[in-house]
Trainee: 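Got a structure for you, questions after.
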Amino acid sequence: MSESGDAKPAASEKKRGEQPDRMERIVNLCKRRGLVFQSSEIYGGLASCWDYGPIGVELKRNVKDAWWRAMVWSRGDVVGLDCSILAHPRVWEASGHVAGFTDPLVDCKKCKQRFRADHLGQLACPEKPGKHPGECGGELTESRQFNLMFKTFMGPVEDDAAVVFMRPETAQGMFVNFDNVLETQRRKLPFGIAQTGKSFRNEITPGNFLFRTREFEQMEMEYFVKPGEEGRWYEYWKQERFDWYVKLGIKAENLRLREHEKDELAHYAAGCADVEYKFPFGWSELEGIASRTDFDLKQHAKWSGKDLSYFDEESRERYVPYVIEPAAGADRATLAFLVDSYDEDEVEGEARVVLRLHPRLAPVKAAVFPLLRKGGHPEKAQEIYTNLRPHFPVQYDQAGSIGRRYRRQDEIGTPFGVTVDHQTIEDGTVTLRDRDKTSQERVHESDLLAELLRRIAG
Ligand code: ATP
C-alpha cells in the first residue's frame, strides 16, 4: 500500500478565494461521479431541473435523514407529517399565496429575457455577461408582480373550477392539520409538526445549480407556542438551526445568521432571520427562521370555519398558538455540504479531489479492496463486502492500483477504506484507511462492523 498518512493540508480557505471556477469544478464532479445530472439530458436538458444520480441520491437522503433525526426523532416535542402536494385551492387563498406570493418581474425590450427586478444587481445580462440586465443598452419594462405558483387542473375538465396549485411550500399542510395532530397525538404546547417534501415555484430567474430551481425539496417545521413565549423560542430555534449545519461539518466561518430588517418582514411577522452560507457566488440564504405569530392558524380558522384554538389546561385559557417556523431547503443544504466539503490536496505527490463530508452524510460509507487479485484476497474482500452491505452503502473495487482506488472513493467522499492484504489471510485483520488523515490502522474483521458504525455516527 502506498499511503502513510501524509496528506498535505489543503489550505482550503486559500484555495476557495483562488478558485473563481469552484462552482464549475463541483458541477463537473457531480456529473462525472454520478451525483447530479441535468434533467432530460439526452433531449438537450430542461433548464434548472436536475436529477440526482446513484451517489447524489444517497447524499440528499442523508441530509434529509439527518434533519429528521435532529428535528423529530431526537426530540420528544415534534411529530412528523407527509401531506399531499395538491390541496384545496382555498388553502392558498387563506395563506395569502394567491394574492401575494409574487416576485417583481421586468422584461428587457432588447433580448426579451425576464429578470427578477429585486435581483438585478446579482444577475448577468445574457448578451453581455460582464454587465447587469438593463446596463447593456436594452431598456427594461416597468416592474410588475408575477405569481410564482404553478397551476394545473384536477380531473378531465380544464376550466377555472378545476384549477389546483402545486404547493409552493410544505408549511400550509402542517397548519391545516394542526387540529388533527393535536387531537390524535394528545399534544400539549409547545410542540412542533415537521415535514419534508417537494415544493414548486415558477421562479423568474432560477440558477446557480441546485441553489434555485423550480422544483425542489423543503424541510420545514412549525413549532407552536403559547403567545408571549415566542421571543424565547425564536432565539432558541435560530441557534439550533445554525448549530445543525456546524455539527454536520460546515465550517462556522462560512455560515452566518442575518436578522431581517423591519422593511423585509411580512406584516404579521414578529421576526425573521436567515441562516446564510458563503457560496462561491456570495452569501445566500440556506434557511429562514420566522416568528409568524398566530397569523396562519387564524387565517385558516377564518377561511375554513374550523376553530383552530387551543385550550391550555394549566392556565384554563383558550387561545390561538403562535408559531416559530424553521424552513430549510434540502437541495440548498445538499449544495452547501458539497461546496463546503469539496477540497483538492496532494497525497504522496499526487493531486486528489476529495469531498470531506461528515461520515453521516457520505453517500458511500466504506469501500472494500483486495490488495492483490490473487492469494485469496478477492474472496476475503468479497466476503467482508457482503457482510457490510445490509448495514450501509458499501462499494467493492479491485480495478487498478490501490492508490487509484482510494482516489476514486475520495472523490465521492467515502470516509473509510477497508483493504484485505496478505496479513488478513494470516491473522484476520484488515487495514482501515481514513479519508481525511489518509492514515491506516489494523482492525480485526470481527470488530470491523462495530468500528465502522461507531465512526459513522461521529
Ligand atoms: P429566496 O429568498 O432564496 O427565494 P425564500 O425566502 O423565498 O428564498 P422560503 O420561502 O423561506 O425561501 O423557503 C425556505 C427554504 O426553501 C429556503 O431557505 C431555501 O432553502 C428553500 N428554497 C426556496 N426556494 C427555493 C428554490 N427555488 N430552489 C431551491 N430551494 C429553495
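The first residue of the sequence shown is numbered 1, and numbering continues consecutively from there. First listed ligand is number 1; within each ligand, the first listed atom is number 1.
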Trainee: Decide yes or no for Lys60 and Lys64: does some side-chain heavy atom of the first lie under 4.5 Å from some side-chain heavy atom of the second?
Mentor: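 Yes, side chains in contact.
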
Trainee: Give me the nearest non-hydrogen protein atom to atom 22 (N) of ligand 1 as residue plus atom name, then the distance to 0.1 Å.
Mentor: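 Here the closest protein heavy atom is Phe216 CE1, 3.6 Å.
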
Trainee: Does a side chain donor of either Ser199 or Gln218 reach within less than 3.5 Å of an acceptor in the other side chain?
Mentor: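 Judged by distance alone, the side chains do pair up.
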
Trainee: Do ligand 1 and Glu220 have nitrogen or oxygen atoms that lie under 3.5 Å from each other?
Mentor: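 Checking ligand 1 against Glu220, no N or O pair falls under 3.5 Å apart.
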
Trainee: Within the 3.5 Å criterion, strictly below it, is a donor on Arg318 or Tyr310 matched to an acceptor on the partner's side chain?
Mentor: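 Absent: no donor and acceptor within the cut-off.
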
Trainee: Which protein non-hydrogen atom lies closest to atom 4 (O) of ligand 1, naming both residue and atom, and how far is it?
Mentor: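 Result for atom 4 (O) of ligand 1: Arg212 NH1, 2.7 Å.
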
Trainee: Evaluating non-hydrogen atoms only, which member of Glu169, Gln218, Arg214 is closest to atom 13 (O) of ligand 1?
Mentor: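 It is Gln218 whose heavy atom sits nearest to atom 13 (O) of ligand 1.
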
Trainee: For the residue pair Phe178 and Phe191, does the interplanar ring angle fall in the parallel (under 30°), tilted (30 to 60°) or perpendicular (over 60°) class?
Mentor: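 Geometry flag for Phe191 against Phe178: parallel rings.
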
Trainee: Just to be sure I'm reading this right: ignoring hydrogens, which of Arg201, Glu215, Glu287, Glu264 gets closest to atom 9 (P) of ligand 1? Compare them by their nearest heavy atoms.
Mentor: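 Nearest option to atom 9 (P) of ligand 1, by heavy atoms: Arg201.
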
Trainee: Measure up the Trp233 and Tyr236 rings against each other and bin them: parallel (under 30°), tilted (30 to 60°), perpendicular (over 60°).
Mentor: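 It falls in the perpendicular class, over 60°.
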
Trainee: Got the closest protein heavy atom to atom 19 (C) of ligand 1, with its distance?
Mentor: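 Scanning the protein heavy atoms, the shortest distance from atom 19 (C) of ligand 1 goes to Arg332 NH1, 3.5 Å.
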
Trainee: For atom 8 (O) of ligand 1, which protein heavy atom lies nearest, and how many Å away is it?
Mentor: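 For atom 8 (O) of ligand 1, the nearest protein heavy atom is Glu285 OE1, 3.7 Å.
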
Trainee: Tell me whether the NZ or CZ atom of Arg22 lies within the 45° cone about the ring axis of Tyr342 and under 6.0 Å from its centre.
Mentor: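 The answer is no, since Arg22 fails at least one limit relative to Tyr342.
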
Trainee: Do me a favour and list the nearest non-hydrogen protein atom to atom 21 (C) of ligand 1 with residue, atom name and distance?
Mentor: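 Minimum-distance protein heavy atom for atom 21 (C) of ligand 1 reads Gly329 CA, 3.7 Å.
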
Trainee: Tell me if a side-chain donor or acceptor on Arg435 pairs with a main-chain N or O of Leu355 at a distance below 3.5 Å.
Mentor: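 The answer is yes, because a donor-acceptor pair under 3.5 Å joins these two groups.
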
Trainee: If you have a sec, work out which protein heavy atom is nearest atom 29 (C) of ligand 1 and how many Å separate them, to one decimal?
Mentor: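 Checking every protein heavy atom, the shortest distance to atom 29 (C) of ligand 1 gives Phe211 O, 3.1 Å.
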
Trainee: Which residue supplies the protein heavy atom nearest to atom 28 (N) of ligand 1, what is that atom called, and how far is it?
Mentor: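 Checking every protein heavy atom, the shortest distance to atom 28 (N) of ligand 1 gives Thr213 N, 3.0 Å.
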
Trainee: In terms of residue, atom name and distance, what is the protein heavy atom nearest to atom 15 (C) of ligand 1?
Mentor: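 Atom 15 (C) of ligand 1 sits closest to the protein heavy atom Ala327 O, 3.6 Å.
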
Trainee: Run the numbers for me: atoms of ligand 1, each under 4.0 Å from some heavy atom of Glu203, listed by number.
Mentor: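 So the atoms of ligand 1 that pass are 24 (N), 26 (C), 27 (N).
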
Trainee: Quick check on Asp331 - does any of its heavy atoms sit under 4.0 Å from an atom of ligand 1?
Mentor: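 In this structure, Asp331 fails to qualify as a contact of ligand 1 - no heavy atom is under 4.0 Å.
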
Trainee: Verify the distance criterion only: is there a donor paired with an acceptor across the side chains of Asp340 and Tyr277 at less than 3.5 Å?
Mentor: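 Present: a donor and an acceptor within the cut-off.
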
Trainee: Kindly say whether Ala328 contributes a backbone atom to a donor-acceptor pair with the side chain of Arg241 at under 3.5 angstrom?
Mentor: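 Side chain of Arg241 to backbone of Ala328: no pair is present.
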
Trainee: Does ligand 1 have a heavy atom under 4.0 Å from the side chain of Leu286, from its backbone, from both, or from neither?
Mentor: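 Only the backbone of Leu286 comes within reach of ligand 1.
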
